[in-house]
Amino acid sequence: MTVTTPELPTQYAPADVETQSYERWVSEGYFTADVGSERESYSIVLPPPNVTGVLHIGHALDHSIQDALTRRARMRGFETLWLPGMDHAGIATQNVVERELAKQGLSRHDLGREAFVDRVWQWKEESGGRILSQMTKLGDGVDWSRERFTMDEGLSRAVQTIFKRLFDDGLIYRAERIINWCPRCLTALSDIEVDHSDDEGELISIRYGDGDASIVVATTRAETMLGDTAVAVHPDDQRYSHLVGTTVELPFTGRMIPIVADEHVDPAFGTGAVKVTPAHDPNDFEIGRRHGLPSLTVMDERGVITAHGPFQGLDRFEARPAVVAALRAEGRIVAEKRPYIHAVGHCSRCKTVVEPRLSLQWFVNVQPLAKAAGDAVRDGRTRIHPPELAKRYFDWVDDMHDWCISRQLWWGHRIPVWYGPEGEVVCVGPDEEAPPGYVQDADVLDTWFSSGLWPFSTLGWPDRTPELERFYPTTVLVTGYDILFFWVARMMMFGLYAMDGTPPFQTVALHGIVRDQFGKKMSKSSGNVVDPLDWISRYGADATRFTLLRGASPGSDVAISEDWVAGARNFCNKIWNATRFALMNGATTAADLPAPADLTVADRWVLSRLQAVVAAVNAGYDDYEFAKISDQLYHFAWDEVCDWYVELAKIQISAGGEVADRTRLVLGHVFDALLRLLHPIVPFVTEELWRALTGGPSVMTAPWPEPAHAYADQPAENEIAALQELVTEVRRFRSDQGLKPGQRVAARLRFGGTALAAHEVAIRSLLRLDDPTASFTATARLAVGEEAVVELDTAGAIDVAAERRRLEKDLTAARKESAQAAGKLGNEQFMSKAPDDVVAKVRARAAQADADIARLEAQLAALPAS
RNA sequence: GGGCGCUUAGCUCAGCGGUAGAGCACUCGCCUUACAAGCGAGGGGUCACUGGUUCGAACCCAGUAGCGCCCACCA
């Protein structure tokens, strides 16, 4: 047999192989989807990272999952498309660039709209480049030829197209409403861009009016009283029924405002009377609408009081205490302020307290779209995984408010609506022009509006491109549960709407967020943020990926630490060295695997285990259980192949002849399969090793292993298990007795007719046991399982007391076990109700325990006196 | 205010009705000819608490306590 032994170093050095492999993968076109192929399609669109920053460890998890799915699908013979791209991230990006300008003492207004947008584009080129480089470092097998950006030409056309269609269908409208307004970003926000937190406020009671014509209202927002246009009480509230329909005087203003009755008021809260400020509170706006009250805006877009009088020009947070102080001076504070915890909305971008503000904005009427989005999951056209999270999705889509889509920003898709000189409103489609003299709406669209089109706009929609025909709907969407509402629901709504009722994904697979080793969320302030590039450079991309995937269960958060990634690095090194061993020993895939009948028990055992692992890994992929997949492969590779099969193979190879040749085939076959199974998770090390082992061009083009049921072999598994038990027991003795691992000991083995007899050579080799000499004197007698007995000649150097303690401890355990089992077997209820296989197991356990007792008692008796 | 989830070894988590598991950490012994990023052998848990169902409960049910997440226009 000719053996090529490539020069592999004794340690795996990721940096040496990663870049090289990746470049070859790209240049060979392995990542590029072929729309014309006959294969079945498998497609994933990458959740586009925001151009604002760099990829964090959470992206690394998200990408690792998608890469593993794509690589496996490709090996299984699918035509795979993993489509990459980035999101322009309107408000986030604009903020970043504005901050940069601020360093030079400039604002966007100094540049003007056009120059500012140019500046953002410039910045995007730099930032986007960093992200792409990170993706190559991670090993992301994306189709670079189809990379997209939410602001590129095709996608802008998609945005205009769907806007126009929704507009024409009456699903987009413009209205004056109370919306969430960020007084710092100076733009409207949608509901989900507002984070609520429980903040401490003060509830104070204020007397409006005087004498009989007075009423006490409770509020946390005294400063808005300048805009009050009514006081509301509950219609059934006896305390105030005589006042309904009358008016009171609003302090400071001299205005007389009506007292109205409205169901919304909770008589049990505060004083049971509410001040109504329609222009600055969403509830009050509704009350105002029901009662025909005027809306009086008393604050500008920056939160500064505009109402004439002593408070004009004060910021909203200065105005509050000022108003309260003035009220106190007039003796209008009835009950002193008391602390009150209530939910306050904050801008999710800059944390500024959101101001409800009455303004003219564009909205999507989500009712029909959200209904369809819910139904697609309800009827199983799209499956959400894990299913528990579907409930959250339903809660959201089934109770969704209209979506405010206009943003008072400059970076984004400009709203394609133009206004004529007479106030005409025209929505302009992608291939149309606005009439002369018309002016375009100054606002841009919410970022999520364009991200919502991602699964089809990236494939060429609105054109019926071959890509769209072939890869829509996508096979699976992989993303964090944290953007289920932000993004997934939007894509579902738009996908169903644009693609005639076909949802954008067959499955939505949700993962969690990455946390540190104590389960803490990563944040700059906690100092526990992990930079994926840092780990990749120090431990390798494979180790980083393996660490993340090993913790990834559907919908669950992933905890990681540097110790663990070091462990993953060690695993990669283990695979490296084990394969190196196989290569050095002439492992080959050049011929077919021999039939089970022609193989040794050890060969049959490892092949039986291999096919079981293949099946388990496949089952894991079906459920997106990456933690289970990784664990299966880790333990099979390390605990079974490396710790046992490789050791047994050494013995078989040293025997020479046909056994050795067959062992080389089994080794070759096992490592070939193992590397293929591991490839989607740890692509780099497996590629390097697989090419060395098989001489093939790339493991990426090798077929995915399927279980070889013909090699399932329970008897072989049982036999090797018995061998492992015996070897472990003798090793335990040697370790307890302080016998050095290398020290050879004369021994006599008796197997009492068990199958283990066939393994005597292996057992002696693994345990460093010599044949008995003429002067052999047994100083320790170990009995193991079945009827095997190992007698050792340690030249009397054994610690009898230690061995006695050991045996007595085991004996106690065996007696307890026996008693327990006997108790069950003597229990009538158990015997009549428990299923047969359970009873059989207990019987076996009892027999085992009794045999152990007899054996241990004999061993104790055989111990020499100390 | 609604909804969901969690509580198992020092840490992070599997297990989800029939003898308590993994990784990392820890202890002891080893440079045993693939690997010291390694090898071998160990220690460590009344599975949050209280009841219930069951022949049998970490696992099912109810309640209690603590923790976490999501949603939310009660001033």
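It should be emphasised that the depicted structure is a prediction, and the values quoted were computed from it without experimental measurement. Letters A, B, ... mirror the listed sequences (proteins, then strands); counts begin at 1.
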**OP:** Have a look at A/Phe485 and say if it touches a base, only the backbone sugar-phosphate, or nothing, with a 4.0 Å heavy-atom cut-off.
**Re:** sugar-phosphate

Original post:
Below 4.0 angstrom from OP1 or OP2 of B/G40, is there any side-chain N or O of A/Arg768?
Top reply: no

Original post:
Can you tell me how far P of B/G42 sits from CG of A/Asp799, to the nearest Å?
Top reply: 16 Å

Subject >> Pair assignment for B/G43, Watson-Crick or G-U wobble, requiring both distances under 3.5 Å >> reply: none

Original post:
For the salt bridge (Lys or Arg N to Asp or Glu O under 4.0 Å) test, which of A/Arg515, A/Lys521, A/Lys520 pairs with A/Asp557?
Top reply: A/Arg515

**OP:** Using the C1' atom as the reference point in each nucleotide, state the distance between B/A36 and B/C31 in Å, no decimals.
**Re:** 7 Å

Original post:
For A/His342, which contact category applies under a 4.0 Å heavy-atom criterion: base, sugar-phosphate, or nothing?
Top reply: sugar-phosphate

Original post:
Can you check the A/Arg538 CZ to B/A37 P distance for me, whole Å?
Top reply: 16 Å

**OP:** Select base, sugar-phosphate, or nothing to describe what A/Pro835 touches, counting heavy atoms under 4.0 Å on all strands.
**Re:** base

Original post:
Considering Watson-Crick and G-U wobble pairs with both distances under 3.5 Å, what does B/G18 pair with?
Top reply: B/C55

Subject >> Flag for A/Thr728-A/Glu725: side-chain donor and acceptor within less than 3.5 Å >> reply: no

Original post:
Is the shortest distance from a Lys or Arg side-chain nitrogen in A/Arg320 or A/Glu202 to a carboxylate oxygen in the other one below 4.0 Å?
Top reply: no

Subject >> Interatomic distance where CD belongs to A/Glu388 and C1' belongs to B/C16 [whole Å] >> reply: 13 Å

Original post:
Are a donor atom and an acceptor atom from the side chains of A/Asp850 and A/Ser818 found within less than 3.5 Å of each other?
Top reply: yes

**OP:** Could you pick out which residue, A/Pro267 or A/Asp639, lies toward the 5' side of RNA chain B when each is mapped onto its nearest nucleotide?
**Re:** A/Asp639

Original post:
Contact class for A/Tyr634 vs. all strands (heavy atom < 4.0 Å): base, sugar-phosphate, or nothing?
Top reply: sugar-phosphate

Original post:
Reckon A/Arg806 touches a base, only the sugar-phosphate, or nothing at all at heavy-atom distances under 4.0 Å?
Top reply: sugar-phosphate

Original post:
Looking for any heavy atom pair under 4.0 Å, which part of the strands does A/Lys841 touch: base, sugar-phosphate only, or nothing?
Top reply: nothing

Original post:
So which nucleotide from B/G40, B/C4, B/C55 ends up closest to the side chain of A/Ala834?
Top reply: B/C55

Original post:
A/Asn827 has an atom CG; how far is it from atom P of B/G56, in whole Å?
Top reply: 8 Å

Original post:
Taking OP1 and OP2 of B/G38, is either one under 4.0 Å from a side-chain nitrogen or oxygen of A/Asn573?
Top reply: no

Original post:
A/Phe546 has an atom CZ; how far is it from atom P of B/A22, in whole Å?
Top reply: 16 Å

Original post:
Within less than 4.0 Å of OP1 or OP2 of B/C74, is there a side-chain N or O belonging to A/Lys275?
Top reply: no

Subject >> A/Arg731 side chain, from C-beta outward: closest of B/C35, B/A41, B/C55 >> reply: B/A41

**OP:** Have a look at A/Asp399 and say if it touches a base, only the backbone sugar-phosphate, or nothing, with a 4.0 Å heavy-atom cut-off.
**Re:** nothing

**OP:** Evaluate the salt bridge (Lys or Arg N to Asp or Glu O under 4.0 Å) criterion for residues A/Glu803 and A/Arg806: first the C-alpha distance (whole Å), next the side-chain angles of each, then the deciding distance (0.1 Å), finally the verdict.
**Re:** CA-CA 5 Å; A/Glu803 186 61 6; A/Arg806 179 66 178 230; over 6 Å; no

**OP:** Looking only at side-chain atoms of A/Trp564, point me to the closest of B/G23, B/A75, B/C69.
**Re:** B/G23

Original post:
Between A/Ile483 (CD1) and B/C69 (C1'), how many Å, whole number?
Top reply: 17 Å

Subject >> Partner nucleotide of B/G1 by Watson-Crick or wobble geometry (both distances under 3.5 Å) >> reply: B/C71

Original post:
Of all the choices, B/G38, B/G3, B/C24, which nucleotide is nearest to the side chain of A/Lys574 once you look at every atom?
Top reply: B/G38

**OP:** Please state how far atom CZ in A/Phe571 lies from atom C1' in B/G23, giving the value in whole angstrom units.
**Re:** 12 Å

Subject >> Nucleotide nearest A/Arg550 when distance is taken to its side chain, options B/A22, B/A37, B/A75 >> reply: B/A22

Original post:
Base, sugar-phosphate, or nothing for A/Thr579, non-hydrogen atoms under 4.0 angstrom?
Top reply: nothing

Original post:
Is B/U7 paired to anything, Watson-Crick or G-U wobble with both distances less than 3.5 Å, and if yes, which nucleotide?
Top reply: B/A65

Original post:
So which one's nearest nucleotide on RNA chain B is more toward 5', A/Ala566 or A/Lys824?
Top reply: A/Lys824

**OP:** Please test A/Glu562 against A/Arg538 for salt bridge (Lys or Arg N to Asp or Glu O under 4.0 Å), starting from the C-alpha separation and ending with a verdict.
**Re:** CA-CA 10 Å; A/Glu562 184 154 344; A/Arg538 289 189 297 130; 2.7 Å; yes

**OP:** Name the nucleic acid region contacted by A/Arg734, choosing base, sugar-phosphate or nothing; use a 4.0 angstrom heavy-atom cut-off, strictly under.
**Re:** nothing

**OP:** Between B/G38 and B/G23, how far apart are the P atoms? Round to whole Å, please.
**Re:** 13 Å

Original post:
Taking atom types as they are modelled, is there a donor-acceptor pair under 3.5 Å from the base of B/A41 to the side chain of A/Arg732?
Top reply: no

**OP:** Identify whether NZ of Lys or CZ of Arg in A/Lys650 sits under 6.0 Å from the centre of the six-membered ring of A/Phe581 and within 45° of that ring's axis.
**Re:** yes

Original post:
NA contact type, A/Cys642, heavy-atom cut-off 4.0 Å: base, sugar-phosphate, or nothing?
Top reply: base

Subject >> Integer angstrom distance from the P of B/U54 to that of B/G15 >> reply: 28 Å

**OP:** Report yes if at least one side-chain N or O of A/Lys521 is closer than 4.0 Å to OP1 or OP2 of B/C69; otherwise report no.
**Re:** no

Original post:
If the C1' atom of B/A48 is compared with that of B/C30, how far apart are they to the nearest Å?
Top reply: 42 Å

**OP:** Give A/Val646 one of three labels, base, sugar-phosphate or nothing, depending on what nucleic acid heavy atoms sit under 4.0 Å from its own.
**Re:** base

Subject >> Candidates B/A22, B/U19, B/A37 - which lies nearest the side chain of A/His635 >> reply: B/A22

Subject >> Sugar-phosphate only, base, or nothing, as touched by A/Gln517 at under 4.0 Å among non-hydrogen atoms >> reply: sugar-phosphate

Subject >> Pair A/Val790-A/Phe733, side chain to side chain contact (heavy atoms under 4.5 Å, CB included): steps then yes or no >> reply: CA-CA 11 Å; A/Val790 178; A/Phe733 175 82; over 6 Å; no

Original post:
Which whole-number value in Å describes the distance from A/Asp770 CG to B/U32 P?
Top reply: 17 Å

**OP:** Please check the phosphate of B/G40 (OP1 and OP2 only) for any side-chain N or O of A/Trp644 closer than 4.0 Å.
**Re:** no

**OP:** State, with a plain yes or no, whether a side-chain heavy atom of A/Arg550 is found less than 4.5 Å away from one of A/Asp631.
**Re:** yes

**OP:** Hunt down the Watson-Crick or G-U wobble partner of B/G38, both distances under 3.5 Å, from any strand shown, or write none.
**Re:** B/C30

Original post:
Looking at B/C30, does its base get a donor-acceptor pair with the side chain of A/Lys740 below 3.5 Å?
Top reply: no

